[in-house]
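Encoded as structure tokens, the structure appears first; notes follow it.
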Amino acid sequence: MTSLILPVIMAGGAGTRLWPLSRTHFPKQFLSLTSENTLFQDTLSRIDQDNYADPLIVCNNDHRFLVAEQLRQQALSHSGIILEPAARNTAPAIALAALKAIQDNPDAILLILAADHYIDDIAKFNNTVNSALPLVEKGKMVTFGVCPTAPETGYGYIKSGEPVEDAFSVASFVEKPVRSIAESYLAAGGYYWNSGIFLFKASQYIAELEKYCPEVLSACQNALQNSHQDLDFIRLDSNEFEKSPDISIDYAVMERTTDAVVMPLDVKWNDVGSWSALWEIGDKDSSGNVVRGDVLLENTQNCYINAGSKLVTTVGLKDIIVVETRDAVLVADKQQVQQVKLIVNRLQQEGRKEALQHKEVFRPWGYHDDISEGDRYQVKRVYLKPGHKISPQIHYHRTEHWIVVSGTARVLKGDDVFVLAENESTYIPVGVAHSLENPGSVPLELIEIHSGLYLSEDDIVRLDGNNPVK
């Protein structure tokens, strides 16, 4: 009997080309872009089948609470959340998953999935995966090639060779082509878009990695051997993991192994790599526009308009992308959206926070939302989940006022502990240790006002007991 397939969800991407919605601390896989759920949640729902084990997730350490929260929202269980302390591409990430899977099941079969792809026909997708299992049992490493519908220049291609049961041998992997070459691929046939979806035995991937890229394997083995469990998270030895080369699975293994086969995947698929991709897969009105949010259009054609926080109106636009968030607006020609990453690079070079995060910042206890700020003040809305608390801390350059809007707050202020109900408030002087807890069964919402000459986030000394944490 074939063992359950272990899905491995690769959730470590940055998604810079979908700025201003996608940010360093809140990348595209955790955004709702193609449905009411996030791309990550849609990926999880795609594998909700009887022959799949609970997924194993690999993500950036900075995104761990986003992963945990979005799993909680869908009431989904998992087989572990591996935290990458640094970005090292797909070959090391998959190596970590394979090594972890072998610890639990030496015969584990891995289905490697990106967390940020769109697939329309879930039943056909799962049927295709199941049809590849016999090949995996015979020692093949399956890569799924999407049947192309257009001469795309934004995807790599796989050239198929001789038939191997329901699949084909891999003749070659081809880099993203120019349009004329992509057109020739489509005309010739036998070329597939490289989806980055794989199915193989964990043990075989490890064996091939040892043969072709042993330095990756060694770094991952040492990083996992010296890891430790922290709640749902597997924390690696960062020094060991960072010794790994930065290399993709294609370069490390799939282009070198003699056991690679390509299985055609005939579904509508998109890697959601740009704003024009979202226009392509979106539901269009009679004028070819895709809109999200509060939008009014006049004489507008073939545009993508995303209004995040306020009314957006357009007049006389054609083939334009407009994306509005609370702190940034993008307006771009639909044919030049790949250049959005250049804007992100400039924001990063200038040290602007718009590249890093939204005004709404998520934390393990809930989130805070920037409402207003000036030279000597900040106003935030704080949302604290039931049963959660904010760690004790001290500020040496600012005071704080807390006003409870709804729920109940248990406050530690110096040596005093007391409870605040709705419409009650308290004042935290400079240098006084304080913390906040939600002891109730409903969310706690409060307004937090900072005032002082220096209001940056690094004016926080967290306390462990009565001792500062460096």
Side-chain angles (χ1 to χ4, degrees), residues 11-31 33 59-67 83-89 116 238-239 241-242 246 273-275 306 308-310 321-333 336-382 390-391 393-400 430 448-462 468-470:
T16 56
R17 288 173 294 180
L18 287 180
W19 184 89
L21 275 187
S22 182
R23 310 282 176 104
T24 299
H25 295 327
F26 207 119
K28 67 172 181 174
Q29 57 267 32
F30 304 115
L31 297 170
L33 295 173
C59 72
N60 187 295
N61 178 66
D62 290 341
H63 304 148
R64 62 194 185 279
F65 295 115
L66 290 172
V67 168
L83 304 181
E84 292 181 288
R88 287 295 183 268
N89 217 312
D116 55 1
S238 59
N239 291 330
F241 183 70
E242 289 172 13
D246 185 328
S274 68
W275 288 114
N306 190 315
S309 67
K310 57 180 66 72
I321 304 294
V322 180
V323 182
E324 178 270 332
T325 68
R326 287 179 54 198
D327 61 348
V329 177
L330 168 72
V331 181
D333 186 302
Q336 298 189 49
V337 290
Q338 297 292 342
Q339 305 307 311
V340 170
K341 60 186 178 183
L342 301 180
I343 294 292
V344 176
N345 290 341
R346 289 177 59 183
L347 291 170
Q348 292 171 339
Q349 291 167 4
E350 295 175 12
R352 297 192 57 147
K353 62 184 180 182
E354 290 92 343
L356 296 176
Q357 61 191 30
H358 294 274
K359 286 185 174 292
E360 193 174 67
V361 179
F362 287 84
R363 293 287 187 257
W365 41 259
Y367 64 84
H368 63 78
D369 184 7
D370 290 346
I371 297 174
S372 179
E373 61 182 296
D375 291 338
R376 296 179 60 110
Y377 75 91
Q378 289 177 338
V379 182
K380 296 185 177 185
R381 181 171 67 98
V382 177
I390 298 173
S391 60
Q393 54 194 257
I394 292 175
H395 309 298
Y396 289 115
H397 300 282
R398 73 179 189 229
T399 65
E400 294 187 355
V430 169
E448 181 177 277
I449 303 171
H450 304 168
S451 59
L453 287 173
Y454 186 79
L455 301 171
S456 295
E457 283 298 306
D458 58 0
D459 180 26
I460 298 178
V461 178
R462 302 193 187 280
V469 177
K470 303 296 185 184

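Of the inter-residue distances, the one linking Tyr454 atom OH with Asp459 atom CG reads 7.0 Å to the nearest 0.5 angstrom. Atom CG of Leu342 sits about 9.0 Å away from atom CZ of Arg346, to the nearest 0.5 Å. Rounded to the nearest 0.5 angstrom, Leu330 CG and Glu324 CD are separated by 11.5 Å. The line from CG of Leu455 to NE2 of His450 is 8.0 Å long, rounded to the nearest 0.5 Å. Note that CG of Asp116 is 9.0 Å distant from CG of Leu18, once rounded to the nearest 0.5 Å. Within the model, atoms NE2 of His397 and CG of Asp458 stand 8.0 Å from one another, a figure rounded to the nearest 0.5 Å.
Using a 4.5 Å heavy-atom threshold, the side chains of Ser451 and Arg398 count as separate. No side-chain heavy atom of Trp19 sits less than 4.5 Å from a side-chain heavy atom of Val323. Side chains of Val331 and Ile321 form no contact here, defined as non-hydrogen atoms less than 4.5 Å apart. For the pair Trp275/Val322, no side-chain contact is recorded, criterion being any heavy-atom separation below 4.5 Å from C-beta on. Side-chain contact between Phe241 and Glu84: present, with at least one pair of heavy atoms (C-beta onward) separated by less than 4.5 Å. With a 4.5 Å cut-off on side-chain heavy atoms, Pro85 and Asn61 do not count as touching. Under the 4.5 Å side-chain criterion, counting only non-hydrogen atoms from C-beta, Arg17 is in contact with Gln338. In this structure, the side chains of Leu453 and Arg376 come closer than 4.5 Å at one or more pairs of heavy atoms.
Side-chain N/O atoms of Gln357 and Thr24 include no donor and acceptor closer than 3.5 Å. Using a 3.5 Å distance cut-off with no hydrogens or angles, the side chains of His395 and Glu400 do pair a donor with an acceptor.
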Applying ring-ring contact (aromatic ring centres under 6.0 Å, His included), run through His63 and Phe30 and close with a yes or a no. CA-CA 9 Å; His63 304 148; Phe30 304 115; 5.7 Å; yes

Worked verdict on Thr325 versus Ser309 for side chain to side chain contact (heavy atoms under 4.5 Å, CB included): CA-CA 6 Å; Thr325 68; Ser309 67; over 6 Å; no

Let me see the working for Gln378 and Ser372 under side chain to side chain donor-acceptor pair (under 3.5 Å), right down to the final yes or no. CA-CA 6 Å; Gln378 289 177 338; Ser372 179; over 6 Å; no

Checking side chain to side chain contact (heavy atoms under 4.5 Å, CB included) for the pair Thr16/Ser22: CA distance, chi angles, key distance, verdict? CA-CA 6 Å; Thr16 56; Ser22 182; over 6 Å; no

Start with the C-alpha distance between Arg363 and Phe65, add both sets of side-chain angles, then the distance that settles side chain to side chain contact (heavy atoms under 4.5 Å, CB included), and finish with yes or no. CA-CA 7 Å; Arg363 293 287 187 257; Phe65 295 115; over 6 Å; no

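For the pair Val430 and Tyr396, the tightest heavy-atom approach, listed with the atom from each and the gap, is CG1-O, 3.3 Å. The shortest non-hydrogen separation linking Ser391 to Arg462 is OG-NH1, 3.5 Å. Here the closest heavy-atom approach between residue Gly13 and residue Gln29 is recorded as O-NE2, 3.0 Å.
Under a 4.0 Å N-O distance rule, the pair Asp369/Arg381 qualifies as a salt bridge. A salt bridge links Asp327 with Arg23: the distance from a Lys NZ or Arg NE/NH1/NH2 to an Asp or Glu carboxylate oxygen falls below 4.0 Å. The pair Lys380-Glu457 counts as a salt bridge, with a side-chain nitrogen and a carboxylate oxygen less than 4.0 angstrom apart. A salt bridge between Asp246 and Arg88 is absent, with no side-chain N of the basic residue lying under 4.0 Å from a carboxylate O of the acidic one. For the pair Lys353 and Glu373, the salt-bridge criterion is met [side-chain N within less than 4.0 Å of a carboxylate O].
Using cut-offs of 30° and 60° for the angle between ring planes, the Phe26 and His358 rings count as perpendicular.
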